Amino acid sequence: GKLERLGVQESVEAIFPPSELAAFLSDLPVDVSVVDEAGIADCDAVVTRNHFDALFEVDWIHSTQAGVDRFPLEALAEEGVALTNSTGIHGRTVGETVAGYLLAFARRLHDQIASATERRWERPAWDEAFTLPGTTACVVGTGTLGRGVADVLGSLGVETVGVRRSDDPLPEFDEMYAIEALHEPIATADFVIVTVPLTEATRGLFAASEFDAMRSDAYFVNVARGAVVDERALIDALEAGDLAGAALDVFETEPLPETSPLWELDEVIVTPHAAAYTRDYVRDVGGIVRENVERSRRGEDLTNRVV
Ligand code: NDP
C-alpha cells in the first residue's frame with residue numbers, strides 16, 4: 001500500500017527526542033507522529049531503535065542504528081517487511097571518538113584526568129607517553145565506521161591496515177588483509193580497532209587466541225558490538241598484562257553491569273555506547289528517512305535496505 005502514516009517510535013529516545021525527528025520530517029507529504037508500542041499498529045512505516053512484535057504488521061521499518069543485530073532478519077523477510085538501517089552516517093563521529101581514545105592512551109590523558117578527579121598532581125612516568133605518528137592501527141571492518149576511523153587516524157599520522165572479507169584495497173587504508181589472515185596484521189599493530197557488524201561470522205571473532213596474537217604493548221578498541229568479543233577472554237588478557245589496555249564503547253551486557261572488572265582497570269576506557277553521538281544525529285538519520293519516504297512514494301527501491 002501507499003505510505004501514508006509514518007511513526008517515530010519512542011525507543012529512539014535513547015539517541016534523541018522523538019519529537020525532534022517528527023518535527024524534522026513534518027514537511028513530508030505523509031502523516032508523521034510519535035508512537036508508543038501500541039501506536040505501531042496504526043502505522044505503515046516506523047522509525048525505531050528497538051524491535052517490537054507489532055512491527056511485523058508494518059510495510060517498512062527504519063532502524064536508527066547501523067547495526068541491525070537486534071532485529072529478527074529472517075522472520076521479517078518471511079513476512080515481507082522491509083528493513084532499512086542507518087549505515088553511512090557514523091564515519092566522522094566514531095572516527096573522532098576512536099582518535100580520542102588513541103590520543104588519551106598516547107598522551108596519558110585518561111590517567112591524568114583520573115588523578116585530577118582525586119586532586120592528585122601526578123605526571124606520567126618518563127617512558128609512558130608517546131605520540132601517534134609512526135604507530136600502526138589495524139582496523140577490522142572497512143565500511144562506514146572503518147573508513148571513518150582510517151580517515152581521522154590517517155590525518156594524525158597513524159599507518160592504517162584494513163581487514164575485510166576480501167583483500168581488495170581501499171583508498172583510506174595503507175594496506176589490506178582478508179579476514180582469514182587476521183592474525184598477521186594484529187600481531188604487529190599498536191592498536192587493533194573493531195568496526196565489523198555482529199553476524200554469525202563475527203560473533204566471538206576476538207577471543208583468547210587473538211589476544212595472544214597481539215603485542216603485549218598493544219591497545220584494543222571495540223566500537224562495533226560487544227558480542228564480537230569474548231569479554232571474559234579480554235578481561236583475562238588485560239589482567240595478565242598480555243595487552244596494554246582497551247577502549248570499549250560496547251559490551252556483552254549493556255549497560256555494563258556495576259560488578260564488571262572493566263570499570264576498575266586503569267588502562268581501560270569505558271564509554272556508554274556513545275561513540276556515534278552527535279547533536280546532528282536527528283538530521284543525519286532524518287536525511288535517510290526522508291530519502292526513503294520519497295522513494296517509497298515514487299515506487300522506487302529503498303536505500304540502505306537490509307531486508
Ligand atoms: P558497514 O556495513 O558500512 O560496514 C561493515 C564492513 O564490515 C563492511 O564494509 C564489510 O566489508 C565488513 N565485514 C562484514 N562482515 C565481515 C566479516 N565476516 N569479516 C570481515 N569484515 C566483514 O557498517 P558500518 O561501518 O556502518 O557499521 C558497522 C557496525 O558498527 C554496525 O553493524 C554496528 O554494529 C556498529 N556500530 C556501532 C556504533 C556505536 O555507536 N558504537 C555506531 C554505528 C555502528 P566487506 O564487505 O569488504 O567484507
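None of the values given here were measured: they were computed from a predicted structure. One-based numbering, in listed order, for ligands and for the atoms of each.
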> Just jot down the ligand 1 atoms closer than 4.0 angstrom to any heavy atom of V223, in number order.
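Heavy-atom distances to V223 below 4.0 Å select 36 (N), 37 (C), 38 (C), 39 (C), 41 (N).
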
> For D217, does the CG atom sit with more than 12 other heavy atoms under 6.0 Å from it, leaving out its own atoms?
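Yes.
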
> Record the part of P197 in heavy-atom contact with ligand 1 below 4.0 Å; permitted values are side chain, backbone, both and neither.
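Contact part for P197 vs ligand 1: both backbone and side chain.
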
> In ligand 1, which numbered atoms sit nearer than 4.0 Å to a non-hydrogen atom of T142?
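Ligand 1 atoms under the 4.0 Å threshold to T142: 6 (C), 9 (O), 11 (O).
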
> What I want to find out is whether R5 reaches D31 closely enough, with some N-O distance under 4.0 Å, to be called a salt bridge.
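Here R5 pairs with D31 in a salt bridge, since their nearest N and O are under 4.0 Å apart.
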
> Give a yes/no verdict on a cation-pi contact between R290 and F24, requiring under 6.0 Å between NZ or CZ and the six-membered ring centre and an angle within 45° of the axis.
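Yes, cation above the ring, under 6.0 Å and within 45°.
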
> Compute whether any side-chain donor of one residue and acceptor of the other, for H90 and Y277, lie under 3.5 angstrom apart.
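Checked: H90/Y277 side chains show no N/O donor-acceptor pair below 3.5 Å.
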
> Just how far is it from atom CD of E267 to atom CG of L243, taken to the nearest 0.5 Å?
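Answer rounded to 0.5 Å: 11.5 Å.
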
> Are E300 and R298 within salt-bridge range, i.e. N to O under 4.0 Å?
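R298 and E300: salt-bridged.
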
> Starting from atom 47 (O) of ligand 1, find the nearest protein heavy-atom neighbour and note its residue, name and distance.
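Nearest neighbour among protein heavy atoms for atom 47 (O) of ligand 1, to 0.1 Å: R164 NE, 2.6 Å.
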
> Is A224 in contact with ligand 1, taking contact as a heavy-atom separation below 4.0 Å?
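Right, A224 reaches ligand 1.
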
> Does R225 come within less than 4.0 Å of E231, counting only side-chain N to carboxylate O?
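Salt bridge between R225 and E231, a charged N being under 4.0 Å from a carboxylate O: no.
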
> Indicate whether the side chain of R92 and that of T278 have a donor and an acceptor atom separated by less than 3.5 Å.
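Side-chain D/A pair, R92 to T278: absent.
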
> Consider ligand 1: state whether an atom of it lies below 4.0 angstrom from any non-hydrogen atom of T199.
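Per 4.0 Å heavy-atom rule, T199 does not contact ligand 1.
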
> Any atoms of ligand 1 less than 4.0 Å from a non-hydrogen atom of T202? List them with their elements.
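Listed by number with element: 17 (C), 18 (N).
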
> Rounded to the nearest 0.5 Å, what separation is found between the OG1 atom of T188 and the CZ atom of R215?
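Between T188 OG1 and R215 CZ, I get 7.5 Å after rounding to 0.5 Å.
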
> Suppose we measure from atom 48 (O) of ligand 1 to each protein heavy atom; which comes out shortest, and what is that distance?
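The closest one turns out to be R165 NE, 2.7 Å.
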
> Please work out, at 4.0 Å between heavy atoms, whether the side chain, the backbone, both, or neither of T144 comes within that distance of ligand 1.
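Contact part for T144 vs ligand 1: both backbone and side chain.
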
> Closer than 4.0 Å to some heavy atom of G67 - which atoms of ligand 1 meet that?
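So the atoms of ligand 1 that pass are 31 (C), 32 (O), 33 (C), 34 (O).
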
> Please work out whether any backbone atom (N, CA, C, O) or any side-chain heavy atom from C-beta onward of L145 is under 4.0 Å from ligand 1, and answer side chain, backbone, both or neither.
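Answer for L145: both.
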
> I'd like to check which ligand 1 atoms, numbered from 1 as shown, lie under 4.0 Å from a non-hydrogen atom of A201.
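Listed by number with element: 18 (N).
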
> For D151 and E172, indicate whether the former's side chain and the latter's backbone hold a donor-acceptor pair under 3.5 Å.
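No, because the side chain of D151 does not come within donor-acceptor range (under 3.5 Å) of the backbone of E172.
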
> Taking NZ, NE, NH1 and NH2 as the nitrogens, is one of them in D236 or R232 under 4.0 Å from a carboxylate oxygen of the other?
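Yes, this pair counts.
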
> Does an N or O from V196, backbone or side chain, lie closer than 3.5 Å to an N or O of ligand 1?
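There is no such contact.
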
> What residue and heavy atom of the protein are closest to atom 4 (O) of ligand 1, and at what distance?
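Looking only at protein heavy atoms, the one closest to atom 4 (O) of ligand 1 is G143 CA, 3.1 Å.
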
> Ignoring hydrogens and geometry beyond distance, is a side-chain donor-acceptor pair present between Q65 and S63 at under 3.5 Å?
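No pair is found: no donor N or O on one side chain lies under 3.5 Å from an acceptor on the other.
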
> Would you check the N or O atoms of D249, main chain and side chain alike, for any that come under 3.5 Å of an N or O of ligand 1?
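Yes - when backbone and side-chain N and O of D249 are compared with those of ligand 1, one distance drops under 3.5 Å.
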
> Does ligand 1 come near enough to G88 that some N or O of the ligand is less than 3.5 Å from an N or O of the residue?
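No: no nitrogen or oxygen of G88 is under 3.5 Å from one in ligand 1.
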
> Would you mind finding which of R147, E200, H273 brings a heavy atom closest to atom 39 (C) of ligand 1?
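That would be H273.
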
> Given T87, N304, D69, V98, which one has a non-hydrogen atom that is nearest to atom 26 (O) of ligand 1?
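Answer by nearest heavy atom: T87.
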
> Can you see whether W60 engages S296 through a side-chain donor-acceptor pair at a distance of less than 3.5 angstrom?
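The criterion, which ignores hydrogens and geometry beyond distance, is not satisfied for S296 and W60.
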
> Using a 4.0 Å cutoff against the non-hydrogen atoms of A276, which atoms of ligand 1 qualify?
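Matching atoms, with element in brackets: 40 (O), 42 (C).
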
> For ligand 1, which atoms have a heavy atom of T195 less than 4.0 angstrom away?
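This gives 28 (C) as the contact atoms.
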
> Return a yes/no value for H90: is any of its N or O atoms, backbone included, closer than 3.5 angstrom to an N or O of ligand 1?
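Among all N and O atoms of H90, none is under 3.5 Å from an N or O of ligand 1.
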
